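Working notes, structure below.
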Amino acid sequence: VNHRLVFLGPPASGKGTVAAVLSRLLGVPHVSTGQMFRQAVQKGGPAAEAAREFIEKGQLVPDPITMQIVRQWLDESGGGDGFILDGFPRTLPQALGLDRLLQERNQPLTHAVLLDLDDEDCVARGLGRMSCEKCGTLYHVTFVPPRRDGVCDACGGRLQRRADDNERTVRERLEIYRQQTLQVVGHYEKRRLLRRVDARLPKEQVLETVLKLVQT
Ligand SMILES: [Zn+2]
């Protein structure tokens, strides 16, 4: 069976990590749009040039350009052998565009996996991260606590909150995600491809659940 999967989920849902492990287990590539863009820019061409201008300005690449790059990637990778798309499609037009591209190739999506996490859990996870000042080891107040409060297990260094993790930033990212992705989720629900997984479960259990869901 070739798995052609889309992975959806809010920031801090652990989507990237789960997709990476699943990619090894299923033997299919795990691809983000970031990677597709980088590959395209290396090879050059008008779509890549246009994308690069937006990326350099720190703006989102518009849907038509994104779709051209996804098309190129599918042409070159022969996406029929399977893939896990991470962070794409982000909007409804992108989801419809992807459907068309895959339909042309007679290689429809097999599942869309949503790692579900409500806003409060996203914020709690996003805010609880700490790292060791000395060795950089990562901890989390709730999920990966150190043995002694504020002290690194590995080297005894002091733990600090991550600077980019203030509540407003986390909530803003979440708001953008909800605005864009809700319609994408609805689209896959209508097409009966959506599989919801509770991202509050421990990582091993999330993975186990996803594995089962994509194999049925
Ligand atoms: Zn340390």
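In this text the structure is predicted, and so the values were computed from the model without any measurement. Throughout, numbering of the chain's residues begins at 1 and tracks the sequence.
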- Under a single-linkage definition using a 4.5 Å side-chain heavy-atom cutoff for Ile, Leu, Val, Met, Phe, Trp and Tyr, are Leu109 and Phe88 assigned to the same hydrophobic cluster? yes
- Query: Can you get from Leu92 to Leu60 by hopping between Ile, Leu, Val, Met, Phe, Trp and Tyr side chains that sit under 4.5 Å apart?
  - Reply: no
- Work out which heavy atom in Cys122 is nearest to a heavy atom in Pro11; give both atom names and the distance. SG-O, 3.8 Å
- Message: Looking at every heavy atom in both Thr137 and Ala154, which two are closest together, and how far apart are they?
- Response: OG1-CB, 4.2 Å
Using distance only, find each side-chain donor-acceptor pair of residues 33-43 under 3.5 Å and give its atom names and separation, not counting sequence neighbours.
from: Gln35; atom 1: OE1; to: Ser32; atom 2: N; distance (Å): 2.9
from: Gln35; atom 1: OE1; to: Ser32; atom 2: OG; distance (Å): 3.2
from: Lys43; atom 1: NZ; to: Glu76; atom 2: OE1; distance (Å): 2.9

- Item | Pairwise distance CG(Leu207) to NZ(Lys203) - rounded to 0.5 angstrom | 10.5 Å
- Query: What about Leu96 and Val70, same hydrophobic cluster or not, with Ile/Leu/Val/Met/Phe/Trp/Tyr joined at side-chain heavy-atom distances under 4.5 Å?
  - Reply: no
- Message: Applying salt bridge (charged side-chain N to carboxylate O under 4.0 Å, His left out), can you list everything that pairs with Arg196, at least two apart in sequence or on another chain?
- Response: Asp116, Glu189
- Got a second to check how far Met130's CE is from Arg161's CZ, nearest 0.5 Å? 7.0 Å
- Flag, side chain of Arg105 to backbone of Leu101, donor-acceptor distance under 3.5 Å: yes
- Do side-chain atoms of His140 reach the backbone of Arg125 as a donor and acceptor pair under 3.5 angstrom? yes
- Item | Donor-acceptor contact below 3.5 Å, side chain Tyr177 vs main chain Leu182 | no
- Item | Inter-residue atom distance Leu213.CG - Glu208.CD, 0.5 Å rounding | 11.0 Å
- Query: Is there side-chain contact between Leu102 and Leu74, with at least one heavy-atom pair below 4.5 Å?
  - Reply: yes
- Query: So do Leu5 and Val214 actually touch side chain to side chain, heavy atoms under 4.5 Å?
  - Reply: yes
- Message: Check Arg171 with Glu167, please: is the shortest side-chain N to carboxylate O separation under 4.0 Å?
- Response: yes
- I would like to know whether Thr169 and Arg173 meet side-chain contact (heavy atoms from CB on, under 4.5 Å); could you show each step before the answer? CA-CA 6 Å; Thr169 316; Arg173 258 184 259 150; 3.6 Å; yes
- Query: Of all residues at least two apart in sequence or in a different chain, which pass the salt bridge (charged side-chain N to carboxylate O under 4.0 Å, His left out) check with Arg148?
  - Reply: none
- Item | Note, Lys15 side chain near Leu115 side chain (heavy atom, < 4.5 Å) | yes
- Message: Between the side chains of Glu104 and Arg100, is the shortest nitrogen-to-carboxylate-oxygen separation below 4.0 Å, so that they form an ion pair?
- Response: no
- Task: Please round to the nearest 0.5 Å and tell me the distance separating atom CG of Leu117 and atom CD of Glu120.
- Result: 10.5 Å
- Is the shortest heavy-atom distance from the side chain of Tyr188 to the side chain of Val6 under 4.5 Å? yes
- Query: If every non-hydrogen atom of Leu22 is compared with every non-hydrogen atom of Val210, which pair is closest and at what distance?
  - Reply: CD2-CG1, 3.7 Å
- Query: Of all residues at least two apart in sequence or in a different chain, which pass the salt bridge (charged side-chain N to carboxylate O under 4.0 Å, His left out) check with Asp119?
  - Reply: Arg178
- Task: Provide the full list of side chain to side chain donor-acceptor pair (under 3.5 Å) pairs with a residue in residues 60-70, sequence neighbours left out, each pair given once.
- Result: Asp63-Thr91, Asp63-Gln94
- Message: Looking at Arg200 and Asp118, is any side-chain nitrogen of the basic one under 4.0 Å from a carboxylate oxygen of the acidic one?
- Response: no
- Here the pair of heavy atoms bringing Ser13 nearest to Pro10 is OG-O, 2.7 Å
- Query: Who passes salt bridge (charged side-chain N to carboxylate O under 4.0 Å, His left out) against Glu56, sequence neighbours left out?
  - Reply: Arg52
- Query: Of all heavy-atom pairs between Gly16 and His30, which one has the smallest distance, and what is that distance?
  - Reply: O-CE1, 3.6 Å
- For the residue pair Leu138 and Val144, what are the closest heavy atoms and their distance? O-CG1, 4.5 Å
- Are Pro108 and Arg4 side-chain neighbours, meaning at least one heavy-atom pair lies under 4.5 Å? yes
- Task: Using a 4.5 Å cut-off on heavy atoms from C-beta on, say whether the side chain of Trp73 contacts that of Leu85.
- Result: yes
- Side chain proximity check, Ser131 to Leu159, heavy atoms < 4.5 angstrom: no
- hydrophobic_cluster_shared for Leu194 and Phe83, side chain cutoff 4.5 Å: yes
- Can you get from Val113 to Leu193 by hopping between Ile, Leu, Val, Met, Phe, Trp and Tyr side chains that sit under 4.5 Å apart? no
- Item | Nearest-0.5 Å distance that lies between atom CD in Gln215 and atom NE2 in His111 | 9.5 Å
- Item | Non-hydrogen side-chain atoms of Ile84 and His3 separated by less than 4.5 Å | no
- Task: Assess whether atom CZ of Arg158 is packed by more than 12 heavy atoms of other residues, nucleotides or ligands within 6.0 Å.
- Result: no
- Take Thr181 and Leu114 through the side-chain contact (heavy atoms from CB on, under 4.5 Å) test and state the conclusion after the steps. CA-CA 10 Å; Thr181 321; Leu114 171 64; over 6 Å; no
